[in-house]
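In what follows, a structure is listed as structure tokens, so that the remarks can point back to it.
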There are 2 protein chains.
Amino acid sequence: MASKPLPIAKAIAYRIERLILDGGMAPEEKIPSERQLASRLNVSRSIIREALHELHGRGVIDTHHGRGSFVSHIVPEPDKESPLIRLFSGHPRTLYDLLEVREQLEGQAAYLAAQRANARDLHRITTAFTVMEAADPLTNAKLDHAFHLAIIEASHNPVLVHVLDSLKSLMLLTVQASVANLSPREDFKRQIDQHHRRIYQSVTRGQANAAQKAARAHVRHVSESMKQIEQQEHSIIRRTFEPGAHL
Amino acid sequence: MASKPLPIAKAIAYRIERLILDGGMAPEEKIPSERQLASRLNVSRSIIREALHELHGRGVIDTHHGRGSFVSHIVPEPDKESPLIRLFSGHPRTLYDLLEVREQLEGQAAYLAAQRANARDLHRITTAFTVMEAADPLTNAKLDHAFHLAIIEASHNPVLVHVLDSLKSLMLLTVQASVANLSPREDFKRQIDQHHRRIYQSVTRGQANAAQKAARAHVRHVSESMKQIEQQEHSIIRRTFEPGAHL
DNA sequence: CACAAAAAACTGGTCCTACCAGTTGGCAAA
DNA sequence: TTTGCCAACTGGTAGGACCAGTTTTTTGTG
């Protein structure tokens, strides 16, 4: 009694989930089109559609007419007030709680990435790093994020990917502006660059412990810098948290 | 601007769900055949099938080849609990990804608790610990959870509390059974107790590093024990995770 | 050259028809 | 009566045709 002849649609749903998990797909990432999946998995498009509907029912993906299907993220958009969002907005202190947790998780991500990154991961990390290094400080925010994301995904731990994504979207609600204010300082940017290089080298060389240490130091440094900024320029961060703030 | 042009399949899924709920259909009750529904609701059978797949994904119905679809006997409670979370359950590998993350965060929680716990925190931790130690192994699960929760909350980091709570509820979906199988082993329980004591003492004495180390070792030990169990008793865990498995 | 409009090339959404594959129940033959 | 087979259900799969949004490319201007 090996196993019951599982219906293909269910099996396909399961395989697509695996594609999402093993592929280290981040939330909001686009899933191959129905026709692509159909030909790639050698089943009819009907089956793919049924499988996708099941996954949608489970809350795994979201589908948009004409655009495609996307991996959903844990923390729903700000529209549905998540208890978290409400808790966090308005309490600057929580920002540092967030960074405290991020320090651990980014460290672990770097650690695991150093151990598990495959050729494709290393290529993506290298690309992100070189692009980021060459870019001007203004457009740096997204590239910085891309670099960190590449490392996180290279950890091949979907739980880590999703948790850090949640934390990130929480931070976006609060800090993005202040990071931008942080960046221009020449010395600060140079320190950040040095951190990034240290992380990059450790990961690509497979030095797990060094990578973990570097990533933790990086987050901690950002956190402490923000604390200083906050003390110096009271208004900036506080304004960001103002109820009406829009980013 | 009444409502967005909701896709027919989604609308049909909603209508069928209402047929089930408003119609007061009992669990195990057969719902009309796909062809019947199609003609009665004036849509193609494809749409019906996609809608039914979505309902299956939500756990509302179960479908059997040649027999029909039936209202799921599991309480279709308006869960609202974990949306994307369900992606993780059903993939054994993710369990260890989860534990991997938990190891870090429980460690950090213990570390922070050792630094920040106030008198009230210490009292709660002590109470939870003593109660747990005196309890019989059967009712241990909840007490164990209470103990860990007390420490996590003593970290005074709301982010940490929330994230670990999410992970915990994830694990409950998957492991509870196997942990129950794990618990009876006398030697295992004794080891666990020793871990708990080590964590307890470190936290209450304010030894942050020791607390962190102990908490990490604890989670890692649980994880490795489960791996062993999995190898020994292939069928138990594997069967639980089988795609077609119904629990 | 720059830029906006049009067109092609995507994406998912719906319908259809035919056929395969399990399940059930009734009817006929032993 | 009992056996066994054959419809007539049920869901499962395939693939084509077309509609309806989105994105990208091309093209026709200014």
Side-chain angles (χ1 to χ4, degrees), chain A residues 1-17 19-20 23 25 27-72, chain B residues 1-17 19-20 25-73 242-246:
Chain A
M1 56 153 287
S3 55
K4 301 138 198 164
L6 187 66
I8 297 185
K10 307 285 172 57
I12 292 295
Y14 186 78
R15 288 184 63 177
I16 295 179
E17 274 188 330
L19 283 183
I20 294 176
M25 293 188 71
E28 213 58 7
E29 191 168 340
K30 191 173 181 297
I31 288 178
S33 75
E34 295 176 354
R35 290 172 176 87
Q36 273 179 279
L37 286 172
S39 91
R40 182 169 154 193
L41 299 179
N42 283 307
V43 293
S44 73
R45 195 178 150 217
S46 316
I47 295 301
I48 298 294
R49 285 187 59 75
E50 291 171 4
L52 291 181
H53 273 86
E54 177 172 339
L55 292 183
H56 174 77
R58 308 234 299 256
V60 174
I61 63 172
D62 279 315
T63 299
H64 302 283
H65 190 174
R67 303 236 314 279
S69 293
F70 305 82
V71 180
S72 21
Chain B
M1 52 158 287
S3 55
K4 310 124 198 170
L6 186 66
I8 297 184
K10 306 286 173 57
I12 292 295
Y14 183 78
R15 288 183 62 179
I16 294 178
E17 195 177 13
L19 284 182
I20 294 175
M25 293 188 71
E28 225 40 34
E29 192 170 339
K30 189 173 182 299
I31 73 180
S33 76
E34 296 175 353
R35 291 171 175 87
Q36 273 178 277
L37 286 171
S39 88
R40 181 170 153 194
L41 299 179
N42 283 307
V43 292
S44 74
R45 182 152 84 109
S46 315
I47 294 302
I48 298 295
R49 286 186 59 76
E50 290 171 5
L52 291 182
H53 273 86
E54 176 170 339
L55 292 182
H56 175 75
R58 301 228 296 258
V60 177
I61 63 172
D62 277 316
T63 297
H64 299 96
H65 189 173
R67 304 234 311 279
S69 292
F70 306 83
V71 178
S72 182
H73 57 289
E242 212 92 282
H246 58 296

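The analysis underlying the following values was restricted to heavy atoms, covering all of them including side chains, and did not include hydrogens, waters or symmetry mates. The chains referred to below are lettered A, B, ... by the order of the sequence lines, with proteins before strands, and numbering in each begins at 1.
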Problem set entry | OG1 on A:Thr63 to CG on A:Leu52, rounded to 0.5 Å | 6.0 Å
Problem set entry | Separation of atom CD in B:Glu50 from atom P in C:dG12, rounded to whole Å | 12 Å
Exercise. Any ring-ring contact (aromatic ring centres under 6.0 Å, His included) pairs touching residues 35-72 of chain A, not counting sequence neighbours?
Worked result: A:His64-A:Phe70
Exercise. Sequence neighbours excluded, which residues qualify as side-chain hydrogen bond (donor to acceptor under 3.5 Å, both in side chains) partners of B:Ser33?
Worked result: B:Gln36
Seminar exercise, completed: CG of B:Leu41 to CZ of B:Arg15, rounded to nearest 0.5 Å, is 5.0 Å
Problem set entry | Side-chain donor or acceptor of A:Ser72 paired with backbone N/O of A:Val60 under 3.5 Å | yes
For this session: Check the distance between D:dA20's C1' and A:Arg49's CZ and give it to me in whole angstrom.
Result: 12 Å
Seminar exercise, completed: When every non-hydrogen atom of A:Ala9 is compared with those of A:Ile47, the smallest separation belongs to CA-CG2, 3.8 Å
Problem set entry | Spacing of B:Lys10 atom NZ relative to C:dT14 atom C1', expressed in whole Å | 13 Å
For this session: In whole angstrom, give the distance that lies between atom NE2 of A:His65 and atom C1' of D:dT23.
Result: 13 Å
Problem set entry | Within residues 30-37 of chain B, residues whose heavy atoms come under 4.0 Å of DNA chain D | B:Ser33, B:Glu34, B:Arg35, B:Gln36
Exercise. Rounded to the nearest 0.5 Å, how far does CG of A:Asp62 lie from CG of A:Leu55?
Worked result: 11.5 Å
Exercise. For DNA chain C, which residues in residues 38-45 of chain A have a heavy atom at a distance below 4.0 Å?
Worked result: A:Arg45
For this session: Would you mind reporting whether A:Arg58 and B:Arg58 have side-chain heavy atoms less than 4.5 Å apart?
Result: no
Seminar exercise, completed: Nearest-nucleotide check on DNA chain D, B:His64 vs A:Gly66; residue mapping nearer the 5' end is B:His64
For this session: In whole angstrom, give the distance that lies between atom CD1 of A:Ile47 and atom P of D:dG15.
Result: 10 Å
Problem set entry | Non-neighbouring partners of A:Ser46 that pass side-chain hydrogen bond (donor to acceptor under 3.5 Å, both in side chains), sequence neighbours left out | none
For this session: Name all pairs fulfilling the salt bridge (Lys or Arg N to Asp or Glu O under 4.0 Å) condition that reach into residues 37-52 of chain A, sequence neighbours left out, sorted by first residue then second.
Result: A:Glu34-A:Arg45, A:Glu34-A:Arg49, A:Arg49-B:Glu50, A:Glu50-B:Arg49
Exercise. Taking for each residue the nucleotide of DNA chain C bearing the nearest heavy atom, is the 5' side occupied by A:Ser46 or by A:Ser69?
Worked result: A:Ser69
Exercise. Rounded to whole angstroms, how far apart are CD1 on A:Ile8 and C1' on D:dG15?
Worked result: 14 Å
Problem set entry | Heavy-atom check, side chain of B:Ile61 versus side chain of B:Ile20, under 4.5 Å | yes
For this session: Measure from CG on A:Asp62 to C1' on C:dT11 and round the result to the nearest Å.
Result: 16 Å
Check: protein-nucleotides 25-27 of chain C nitrogen or oxygen pairs below 3.5 Å:
none

For this session: Provide, to the nearest angstrom, the distance between the CZ atom belonging to B:Arg67 and the P atom belonging to C:dT23.
Result: 7 Å
